[in-house]
Structure formats: structure tokens, C-alpha cells
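In each ligand, atom 1 is the first atom listed, and ligand 1 is the first ligand listed. Numbers for residues simply follow the sequence, beginning at 1.
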Amino acid sequence: MDKIGINGGKALKGRVKISGAKNAALPIMAATLLASGKFKIHNVPDLRDVKTMAHLLRIIGAQVEFANNSLTIDTSKCNFYEAPYELVKTMRASIYVLAPLLARFLEAKVSLPGGCALGSRPVDLHLKGLEKLGAKIELEKGYIVANAKKLTGASINFDISSVGATGNILMAAVLAQGRTVIGNASHEPEITALAQFLVTMGADIEGIETGRLTVHGVNHLKPVEYTVVPDRIETGTYLMAAAITGGEVELTDTDPKILTSLVSKLRECGVLIEEGDSTLYCKAPNQIKPVSITTAPYPGFPTDLQAQWMTLMCVANGSSMITDTIFVDRFTHVAELRRLGAEIKRNKNSAVVTGTENLNGAPVMSTDLRASASLILAGLRAQGRTDVLRVYHIDRGYEKIEEKLKLLGADIWREEGGL
Ligand code: EPZ
């Protein structure tokens with residue numbers, strides 16, 4: 001298993017291009033199953049998760065080509081309505097094929113996603129929503145077995161604003177007979193991108209970008225060409241990499257409008273940020289001020305930036321509190337940051353971080369995608385050498401991270417082999 005080595009202490013400088021959003025590309029790829037024909041999707045990040053979804057679509061019978069960040073997906077010969085455990089266990093987002101298969105073929109068999117480093121992640125809202133649309137759902141030998149004579153519109157109100165459940169119910173509702181209203185729907189930019197993609201295919205959706213979606217089912221959807229939105233989590237990670245190293249960077253091909261919560265918090269820390277239409281310029285202050293955050297559904301502070309924020313607060317001049325209300329156990333990075341000399345006190349779904357002058361390099365272990373990003377940020381700041389082990393986690397969600405950081409002047413490399 002590869003590891004990433006970093007000699008810290010270099011201020012990042014320069015310009016880097018942001019990739020397309022993983023969490024938009026995955027549901028959009030699954031949504032191609034809703035129509036028969038050839039799709040062209042651009043600005044798709046070259047990530048392990050994208051390759052896993054492409055593999056899943058091929059198993060279902062689609063022809064998929066991926067080159068130069070563009071996908072060609074032909075769904076005209078799909079004939080196998082199953083997502084096997086072998087794939088779902090490597091990527092929970094495989095659950096996104098459940099509703100499109102059910103909506104188009106009226107049957108689907110998808111492995112129930114298993115345990116996760118982020119804590120318990122049930123899919124009850126997905127299943128309850130599909131049942132409300134008329135599906136019959138059974139759990140058999142670890143699989144969700146769904147079928148329906150037809151899907152009929154209904155009113156669905158989520159107890160929790162769930163990204164995944166909103167995505168799945170939206171994809172079922174666009175081909176269901178009649179009207180569906182989804183209350184307390186997620187309006188993360190990635191869900192907005194999915195809804196806009198469905199509208200270009202011919203779907204009838206009102207209330208996009210709000211917490212209340214109204215869908216009028218149609219009989220038929222068509223294949224289209226589409227460009228995926230920028231990745232706001234990758235953008236946020238690079239902004240914090242610049243801030244923690246005392247650097248000055250410009251990010252291009254991004255969208256400042258979908259990252260307002262992070263930008264305002266960084267400004268509170270004393271970071272200078274200038275926004276262009278598709279660029280963000282960032283200059284770090286001499287000292288980072290401590291600022292507390294609480295994660296929340298969009299437009300609140302993203303839970304996928306919580307670990308990176310914690311790393312930044314590890315070098316702030318004072319104490320701050322970090323609370324995660326979405327994944328209450330999302331703190332596996334704490335023990336690893338402590339190995340680098342961080343002072344963090346955990347209490348339930350919060351942690352109090354007391355900033356320290358300097359972190360010291362050491363080997364650390366990745367446990368999940370965003371935790372590994374937080375360890376790379378720590379390694380960029382720490383004195384001496386840091387080895388981030390098990391980087392297969394980072395390859396799931398960051399395109400060519402060490403090459404991009406090298407472009408910004410980081411002393412970083414990848415090594416094969418390691419724990
Ligand atoms: C999406 O996961 C993202 N994944 C996650 O990003 C992100 O952390 C999360 O949304 C929150 O923003 C993708 O888009 C592929 P949820 P998802 O359903 O859809 C509970 C990354 O790093 N819940 O919004 O699984 C759930 O347990 C990944 O890129 C239920 O109780 O998240 C959680 O506490 C990690 N029942 C909360 O809702 C359900 O049926 C929010 O989860 C569904 C969810």
C-alpha cells in the first residue's frame with residue numbers, strides 16, 4: 001500500500017486547478033441508468049471512486065469509456081439490475097444505483113452498505129422513501145431487494161436532511177407517475193447539480209436549491225451532454241493548505257459561491273481571501289486566530305471539511321471548539337494528530353483544540369478520505385518528515401494530490417509499499 005512522504009515547513013505558493021466534484025459525479029453517473037442511450041459527461045475527476053462507479057455501471061450492462069476527465073456512458077444495453085457486495089463494500093455511494101434501476105426496470109438488488117469509519121450510516125430514509133413511492137423492499141442475505149409494478153408520486157418528509165436519500169428519491173420520482181414532494185430535502189450543491197442534470201434529461205423538478213423539491217413524473221428521459229460542477233471540498237482543502245503553511249495561492253476552475261461558510265470562517269482566522277467568478281485567491285496571516293465551527297447541512301459548515309479545519313486549529317494562537325452534528329463519531333483523525341504533537345480534548349461530538357507553535361513530523365495512519373487530507377495538511381506544516389500511510393483513502397477523493405501540492409512548492413512524494 002502506498003504512502004505519502006512530506007518534509008514540512010514550506011509555504012505554498014502559486015496556482016492550482018480544481019477538479020470536478022466527486023460527490024456530484026457519482027450520483028450523475030448513476031442517473032444515466034434512467035434513460036437509454038449515449039451520455040457525455042465532462043470535468044469528471046480521475047478518482048478511484050469514479051472508476052468503481054464506472055465498473056458498477058459496466059456490470060449492469062453499460063458501456064463506459066473514461067479519458068481526459070470525460071466519460072462516455074452508453075446505457076442502451078443495460079440488463080443486469082444488481083450492485084454486488086464486492087463493489088458496495090468499497091464504496092457506499094454505490095447505493096445511488098438503487099433508485100435509477102428501480103425507476104427504469106422496476107426491479108433492483110443492491111448490497112446493503114456495511115460499516116464505516118465515520119460511524120453508523122443507515123439507509124433507512126432511502127428505503128422508506130422508495131416504499132412511499134410504491135416499491136416493495138425486502139432485505140435478503142445482506143441485499144436490498146426492491147421491485148414495483150409501478151412508482152407513483154407521494155409526499156415524503158425526511159426526518160434528517162440526507163444527501164444520499166434526497167438523491168435516490170429524486171431519481172425515482174422523475175419517472176414516477178404523478179407528483180412527488182420531498183420536504184427537508186438536502187440542497188447541497190452536489191444535489192443541485194444532480195437535479196439540474198435530470199432537468200437537462202427532460203425531468204420536471206421545481207424548488208431546486210431549496211429544501212423542498214416538487215417533481216412531476218415524466219414517461220421518458222433522454223441521454224445528454226453535461227459538465228460536472230467544481231469540487232468545493234477539494235477547494236476548501238487547498239485553501240486550508242495555503243493557510244496552514246503561511247502561503248499564498250490562487251485556485252482556478254472553482255466556484256466561490258458554494259463555499260461561503262468556509263470562506264467566512266477563514267476570514268475570521270485572519271486569512272485574506274479574494275473571490276473571482278471561478279477563482280479564489282488566498283493569503284495566510286502571520287498567525288492563525290482560533291475560530292470554532294459546528295458542522296451542518298449546506299449552506300452550513302461542511303462535515304467533509306471538519307478534519308481539515310481541526311488541523312488548522314492545531315496551529316492557531318489559542319483554543320477553539322469543533323462540533324460535528326452530522327457524523328457525531330467523525331473523530332478518527334484526533335489520535336493521529338496527537339501523534340504529531342497536537343493538543344486535542346474530545347468530548348462526545350465535540351473536540352477542544354489548543355493551538356501549539358509547531359507540530360513535529362511522524363508516521364500517521366489514514367482512516368478515511370477526509371481524515372487523510374487533514375493528516376497531509378498537518379504534514380505540510382509539521383517540522384521534519386511525516387509519512388501518511390494507507391493513502392488509498394485519499395485517492396478516492398483527491399485527484400493527483402501530491403502533484404498538485406508539488407506545483408505549489410510542497411516537498412511531497414509518493415512511495416510504494418508501507419503498512
Ligand atoms: C454524503 O454522504 C457524502 N457522500 C459524504 O461525503 C458527506 O459527508 C455527507 O453526504 C454529508 O454531507 C457522497 O456524496 C458520496 P447523508 P451520505 O445521507 O449521503 C444520516 C466524502 O468524504 N442518515 O447526508 O451518506 C447519516 O447517518 C463523503 O466525500 C440516516 O440516518 O450522507 C448522517 O448522520 C463522506 N438515514 C446524516 O443522515 C439515512 O437513510 C447525513 O447523511 C441516510 C442518512
Side-chain angles (χ1 to χ4, degrees), residues 19-31 45 47-50 52-53 56 88 90-99 110 112-132 137 139 144 156-171 182 184-194 211 228-229 231-237 258-259 261-262 295-308 323-330 332-333 349 366-374 393-399:
S19 302
K22 166 182 83 83
N23 290 348
L26 297 176
I28 284 170
M29 289 171 74
L47 302 171
R48 203 149 62 82
D49 276 10
V50 165
T52 304
M53 185 60 87
L56 178 52
V88 177
T90 67
M91 182 183 72
R92 300 177 62 83
S94 311
I95 191 97
Y96 274 134
V97 301
L98 176 61
V110 174
L112 195 63
C116 172
L118 305 192
S120 100
R121 294 178 72 181
V123 292
D124 56 320
L125 299 175
H126 301 236
L127 306 185
K128 273 189 232 150
L130 292 174
E131 282 175 333
K132 278 221 168 140
I137 306 257
L139 297 183
I144 301 162
I156 295 165
N157 210 35
F158 288 136
D159 307 335
I160 301 170
S161 166
S162 156
V163 175
T166 303
N168 253 326
I169 301 309
L170 195 52
M171 290 191 279
I182 308 175
N184 195 23
S186 152
H187 49 278
E188 246 75 4
E190 296 76 26
I191 289 295
T192 295
L194 172 65
V228 173
V229 294
D231 195 316
R232 66 192 166 111
I233 305 300
E234 186 195 27
T235 304
T237 303
I258 57 175
L259 210 55
S261 57
L262 174 74
T295 68
Y298 186 84
F301 193 97
T303 173
D304 292 347
L305 290 173
Q306 179 257 95
Q308 299 93 317
T323 304
D324 203 318
T325 65
I326 301 194
F327 294 113
V328 293
D329 295 319
R330 192 176 200 169
T332 52
H333 41 286
N349 67 325
S366 305
T367 47
D368 66 80
L369 168 58
R370 307 305 171 181
S372 38
S374 78
H393 287 291
I394 206 127
D395 294 335
R396 297 189 54 182
Y398 291 89
E399 186 172 20

Next item on the list: Please answer whether the main-chain N or O of Lys22 pairs with a side-chain N or O of Asp231 as donor and acceptor at a distance below 3.5 Å.
Entry: yes

Margin query: Checking the N or O distance criterion of under 3.5 Å, is ligand 1 in contact with Ile326?
Written below: yes

Check: Any idea which atoms of ligand 1 are less than 4.0 Å away from a heavy-atom of Ser120?
Finding: 27 (O)

Checklist line | Polar atom proximity, Lys22 to ligand 1 (N or O, under 3.5 Å) | finding: yes

Item checked: Protein contact to atom 9 (C) of ligand 1 [nearest heavy atom, distance to 0.1 Å] -> Phe327 CE1, 3.9 Å

Next item on the list: Answer yes or no: is there a donor N or O on one side and an acceptor on the other, between the side chain of Arg370 and the main chain of Ile233, under 3.5 Å?
Entry: no

Next item on the list: Run through Val163, Leu26, Asn23, Ile28 and flag the one making a side chain to side chain contact (heavy atoms under 4.5 Å, CB included) with Glu190.
Entry: Asn23

Notebook entry, point to check: Short list, please: which atoms of ligand 1 are under 4.0 Å from a heavy atom of His126?
Noted result: 40 (O)

Notebook entry, point to check: For ligand 1, is any non-hydrogen atom under 4.0 Å from Ser162's backbone (N, CA, C, O), its side chain (CB onward), both, or neither?
Noted result: both

Note to self: Below 3.5 Å, N or O to N or O, backbone or side chain included: is there any such pair between Val163 and ligand 1?
What the structure shows: yes

Note to self: Can you tell me which portion of Pro302 lies within the under-4.0 Å heavy-atom range of ligand 1? Options are side chain, backbone, both, or neither.
What the structure shows: neither

Next item on the list: Identify the protein heavy atom lying closest to atom 23 (N) of ligand 1, giving its residue, its atom name and the separation to 0.1 Å.
Entry: Pro122 O, 4.1 Å

Check: Short list, please: which atoms of ligand 1 are under 4.0 Å from a heavy atom of Arg121?
Finding: 2 (O), 17 (P), 25 (O), 27 (O)

Next item on the list: Give the numbers and elements of all ligand 1 atoms closer than 4.0 Å to a heavy atom of Asp304.
Entry: 5 (C), 6 (O), 7 (C), 8 (O), 21 (C), 22 (O), 28 (C), 29 (O), 35 (C)

Next item on the list: Quick one: look up the protein heavy atom nearest atom 29 (O) of ligand 1 and list residue, atom name and how far away it is.
Entry: Arg370 NH2, 2.8 Å

Next item on the list: Tell me which one of Asn23, Thr303, Asp324, Val328 gets a heavy atom nearest to atom 11 (C) of ligand 1.
Entry: Thr303

Next item on the list: Report the part of Ile160 (side chain from C-beta onward, or backbone N, CA, C, O) that has a heavy atom under 4.0 Å from ligand 1; answer both or neither where that applies.
Entry: side chain

Notebook entry, point to check: Which atoms of ligand 1 sit under 4.0 Å from any heavy atom of Arg330?
Noted result: 8 (O), 22 (O), 35 (C)

Next item on the list: Nearest heavy atom to atom 40 (O) of ligand 1 wins, so pick from Asp231, Leu305, Ile233, Leu125.
Entry: Leu125

Check: Can you tell which of Pro297, Gly300, Gly164, Gly167 gets a heavy atom nearest to atom 19 (O) of ligand 1?
Finding: Gly164

Notebook entry, point to check: Under 4.0 Å from any heavy atom of Val123, which atoms of ligand 1 are there?
Noted result: 39 (C), 40 (O)

Note to self: Show the atoms of ligand 1 that are less than 4.0 angstrom away from any heavy atom in Leu118.
What the structure shows: 35 (C)

Notebook entry, point to check: How far is atom 36 (N) of ligand 1 from its nearest protein heavy atom, and which residue and atom name does that atom have?
Noted result: Asp124 OD1, 2.6 Å

